[in-house]
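What follows is a short report on a single structure.
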2 protein chains.
Amino acid sequence: MANHATQTSFALRHFRRSEFLARPTEHSDNLYRIQEGWAGQYRLLKDGRRQITALFLPGEYCEPQWLLGASATLPVVALTPLRAYAIPLDQISRRPDHLGDSAARVFSGMLKAMRGRERWIVNLGCLTATERICDLICEVYDRLEGTGQTIKNRCAMPLTQYEIADIVGISPVHVNRVLQGLRGTGIIELRNRRLVLCDPAALRHMSGPPATVGSSAAIAEP
Amino acid sequence: MANHATQTSFALRHFRRSEFLARPTEHSDNLYRIQEGWAGQYRLLKDGRRQITALFLPGEYCEPQWLLGASATLPVVALTPLRAYAIPLDQISRRPDHLGDSAARVFSGMLKAMRGRERWIVNLGCLTATERICDLICEVYDRLEGTGQTIKNRCAMPLTQYEIADIVGISPVHVNRVLQGLRGTGIIELRNRRLVLCDPAALRHMSGPPATVGSSAAIAEP
DNA sequence: CGTTTGTTTGAAATAACTCAACGGGAGTGG
DNA sequence: CCACTCCCGTTGAGTTATTTCAAACAAACG
């Protein structure tokens, strides 16, 4: 799908697990397009609590905010061994064939990132532990499907239960119990970093009620 | 500070409590600058659960995303009676004296909004009920202080306990008990929609540990 | 083969929720 | 001015979801 020549015209960088793609203090002069592996943006509190605020999957651009000239606000770390193309910022506007109209791309990228963050706020604020985990699984699967990385309800799932815990805001051992529950009811299979959605409909049903459409009442507290 | 002529050159619109500033379906052709009153962006789930994803306070621009030409993604509602200037989108680029370089303004506005969302993800994912409420109070106070709307540790606080609950993701009655605890220890006073920070240092201390700086270890799970 | 990293399990503790009811204040209409 | 309602804050008691601690186990790794 992608032009092979333009793909290889950028430097392919390798990262080990836990290696930084970005740190808040240092200024980054390029943008990454992930080729293989998963990355995560997170925030760490002084007492050790950690919250992962975004996931970056293969095929996705990591941190479009950087295009705005600012340095990263939160660290981004490789959650698995990772390969990514480093796209120098100053080349982006000169390559309409590759990144298209840069301003429009950046805008739409930021809007998408914003919606992702809003989605997770709702997730963390409203949903139960089981719903959050099901929703995470659905989101990951859908994003991988969007870039053709799924086959017949199967996809990669390299996240540690500790990492899932830091995404969905519940404790690691509770993540374990919820996952066991899901496996026990035959909704998913999850072994060896591979995920199978045995019953996608049931899974979506468990990931919380859908949002209402716009025309509903502003405030309805019975 | 603001030029009176430019201020009054935009239409001042009034909203009753619970009235919409924006609805997801309809296309909005202007941006609001809030003059007085509070607004909130939220999402409502089919079973009645609601999560407020952003607050808009006097002096702030409501929904800079609209500048990108897209319609609103989530509804925005007046949480109090509200007055706001409606700034037509097509006038923004023609008025460098008022909004400055529009592209740069929009970018920085989006970045700020993004950081706000990230902050709330961390808040909802990591903090306890008391910490979340203290953090909300701190954030609101700081934002009001930034636009000169505080006097000697006092500011407005028109949010209902139900609304606070839908911001911090805990139940209304628990919000009540947490607030009583804070009042009981003399850290804050909160009566008649007015807030007093009796002990700002203690309040900040209760709003959770600060974030680590960038140079810390990527993963530290003891 | 030992060491580390990740998963699984149990039992006790606790944070937060639900349900239900009461009370005060602010409007509103008679 | 009273009675009414509605919205909001406050309480209490019982329940549930989730956490914590601790330990054992399995799998990956050098």
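Every chain is numbered from 1, with letters handed out A, B, ... down the list of sequences.
- Side-chain N/O atoms of A/Asn176 include none lying less than 4.0 angstrom from OP1 or OP2 on C/dT7.
- OP1 or OP2 of D/dG9 has not a single side-chain nitrogen or oxygen of B/Gln180 nearer than 4.0 Å.
- Of the side-chain N and O atoms in A/Gln161, one or more sit less than 4.0 angstrom from OP1 or OP2 of C/dT8.
- Between C/dG27 and B/Arg17, no contact under 4.0 Å exists linking OP1 or OP2 to a side-chain N or O.
- A/Glu60 and A/Trp38 form no side-chain donor-acceptor contact under 3.5 Å, judged by distance and modelled atom types alone.
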Table of protein N/O atoms under 3.5 Å from nucleotides 10-15 of chain C N/O atoms:
residue : atom : partner  : partner atom : Å
C/dG10  : N7   : A/Arg177 : NH1          : 3.3
C/dG10  : O6   : A/Arg177 : NH2          : 3.4
C/dA11  : N6   : A/Arg177 : NH2          : 3.2

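- Nucleotides of DNA chain D nearest to A/Thr130 and B/Arg193 differ in position, and the one nearer the 5' end is that of B/Arg193.
- What separates CG of B/Asp166 from C1' of C/dA16 is a distance of 15 Å, to the nearest Å.
- A/Tyr42 pairs in a side chain to side chain contact (heavy atoms under 4.5 Å, CB included) with only one of the listed residues (A/Val77, A/Leu55, A/Ile167, A/Thr53), which is A/Val77.
- Of the options A/Val196, A/Asp199, A/Leu179, a side chain to side chain contact (heavy atoms under 4.5 Å, CB included) to A/Ile188 is made by A/Leu179 and by none of the others.
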Give the table of side-chain donor-acceptor pairs shorter than 3.5 Å for residues 145-153 of chain A, with sequence neighbours excluded, one pair per line with atom names and distance.
residue  : atom : partner  : partner atom : Å
A/Thr147 : OG1  : A/Arg143 : O            : 3.4
A/Thr147 : OG1  : A/Leu144 : O            : 3.3
A/Thr147 : OG1  : A/Gln149 : NE2          : 2.5
A/Gln149 : NE2  : A/Pro58  : O            : 3.0

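- Between B/Leu79 and B/Glu163, the closest side-chain pair of non-hydrogen atoms falls below 4.5 Å.
- In this structure, A/Arg191 atom CZ and D/dA27 atom P are separated by 12 Å, rounded to whole Å.
- Using a 4.0 Å heavy-atom distance criterion, B/Arg183 is classed as a sugar-phosphate-only contact.
- Checking side-chain atoms of B/Arg183 against main-chain N and O of B/Leu190 turns up a donor-acceptor pair under 3.5 Å.
- Between the CD1 atom of A/Ile164 and the P atom of C/dT8 there is a distance of 10 Å, rounded to whole Å.
- Remark: aromatic rings of B/Tyr32 and B/Phe10 are distant, center separation not under 6.0 Å.
- Map A/Leu127 and A/Asn192 each onto its nearest nucleotide of DNA chain D; the residue landing nearer the 5' end is A/Leu127.
- Between the CD atom of A/Glu163 and the P atom of C/dT5 there is a distance of 13 Å, given to the nearest Å.
- Distance CD1 (B/Ile170) to P (D/dA17): 18 Å, rounded to an integer number of Å.
- Atom CZ of A/Arg16 is separated from atom P of D/dC29 by 14 Å (rounded to the nearest Å).
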